[in-house]
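We use all heavy atoms of the structure for the numbers below, so side chains are in, but hydrogens, waters and symmetry mates are not. Proteins get letters first, then strands, A, B, ... in listed order; numbering begins at 1 in each.
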Amino acid sequence: MGVDIGDLLQRSTIEVSDLSLDIVAIDAFNTLYQFLSIIRQRDGTPLKDSQGNVTSHLSGILYRMTNIVEAGVKPVFVFDGKPPEWKSSTIQKRTETRENAKVKWADAKEKGLAEEAYKYAQASSKVDATIVEDSKKLLTAMGIPFVDAPSEGEAQAAYMVKKGDADKIASQDYDSLLFGSPLVVRNLTVSGKRKLPKKNIYLDVKPEIINLKESLDELGISHSQLIDIALCVGTDYNEGLEGVGPKTALKLIREHETIEKVLKAKDLEIPNLEDIKEFFKSPDVTDDYSLKWNKPDSEAVISFLCGKHDFSEDRVTKALERLEASSGSGQSTLDKWF
DNA sequence: CATCAACA
DNA sequence: TGTTGATGG
């Protein structure tokens, strides 16, 4: 998923508290997928309510958002709209991989291969319409705004950062940088202590920030050339050149300056190349949004999570108290929050 | 991912 | 106070 150019970029580790008072545009699809694949029981089954509805994403939103809001972050979720047509083969491929994983999950479970089963269970995760709808409902009740992008969420989020309506984008993908976001935070929604499998070692996964301009300066390339590098490696919209990884791509673009010249020299083609480049540079975005953070509607959260999805009222109430305390009501963050 | 209780 | 393993829904 996304583009594999991370090794080329300048990344620096930060603390969540370094994002205090920042408006962070969260790549909703990316984050929800992360929650769905990670928040699972040991056998790989996601959290579910008594009716069988998946609730892993709701757990993730409630607790993780409470924690980052408590650290002073003002999150806004940005949801995907209609993907561009050149994404259809990638989408189809993902569907196939997912269906495949479901079969392998069942197979591994039957054979008692726990580790394999877990891996394929994770790969079976899907952010479907219900997941999106439930997430929006919970966010609204928690007082956290969201934006519906006309096209790709990361493109909309990048636009919001460039416009000054948000400070940074949170996503595990690097696509936001191709869409021109000056700052991208990774590991914001997956940070914490992670146990290394089979070993007695705990790894501290901390958020890291990528500065687009610094990365470009360090590499000595333009933004357009970074897009060209990504196109060589492969994006959600094209396959990439055979045997070309980030390092080779950088070399090729340094040598030939543009992807057009690379392709000419190698007598290769990338379908829809001009359209895709244009899309990265000026994607379809909207100004039709308003960012307003409200105090949580505790009753709504409780009736939705506890009444409808079997969450423990004790736990939800505790999270709500923390959320309410940090989102205003006498705290020092009051005027910044509203 | 998170919380929680049990323990050193 | 911090680590650990089980559980959450």
Contact class for A:Ser312 (heavy atom, under 4.0 Å): base, sugar-phosphate, or nothing?
-> sugar-phosphate

Give one of base, sugar-phosphate or nothing for A:Phe35, where a contact means two heavy atoms less than 4.0 Å apart.
-> nothing

Rounding to a whole Å, what distance do you find between [X]:[atom1] and [N]:[atom2]?
X	N	atom1	atom2	result
A:Leu47	C:dG9	CG	P	8 Å
A:Leu36	C:dG9	CG	P	17 Å
A:Asp43	C:dA6	CG	P	14 Å
A:Ile131	B:dC1	CD1	P	18 Å
A:Glu321	B:dT3	CD	C1'	15 Å
A:Leu305	B:dC1	CG	P	20 Å
A:Asp314	B:dA5	CG	C1'	14 Å

Are A:Lys318 and B:dC4 close enough that a side-chain N or O sits under 4.0 Å from OP1 or OP2?
-> yes

Report yes if at least one side-chain N or O of A:Arg315 is closer than 4.0 Å to OP1 or OP2 of C:dG8; otherwise report no.
-> no

Which heavy atom in A:Ser37 sits nearest to a heavy atom in A:Gln122, and how many Å separate them?
-> O-NE2, 2.8 Å

Under 3.5 Å: donor-acceptor pair, side chain of A:Asp43, backbone of A:Thr45 | yes

Among B:dT3, C:dG9, C:dT7, which is the nearest nucleotide to the side chain of A:Arg42?
-> C:dT7

Side chain of A:Asp49 (C-beta onward), nearest among B:dC1, C:dG9, B:dT3 | C:dG9

Between A:Lys111 and A:Glu116, is the closest basic N to carboxylate O distance under 4.0 Å?
-> no

Describe, in one word, how the ring planes of A:Phe280 and A:Phe179 are oriented to each other, choosing from parallel (under 30°), tilted (30 to 60°) and perpendicular (over 60°).
-> tilted

Quick one, which residues of residues 51-65 of chain A touch DNA chain B with a heavy atom under 4.0 Å?
-> A:Tyr63, A:Arg64

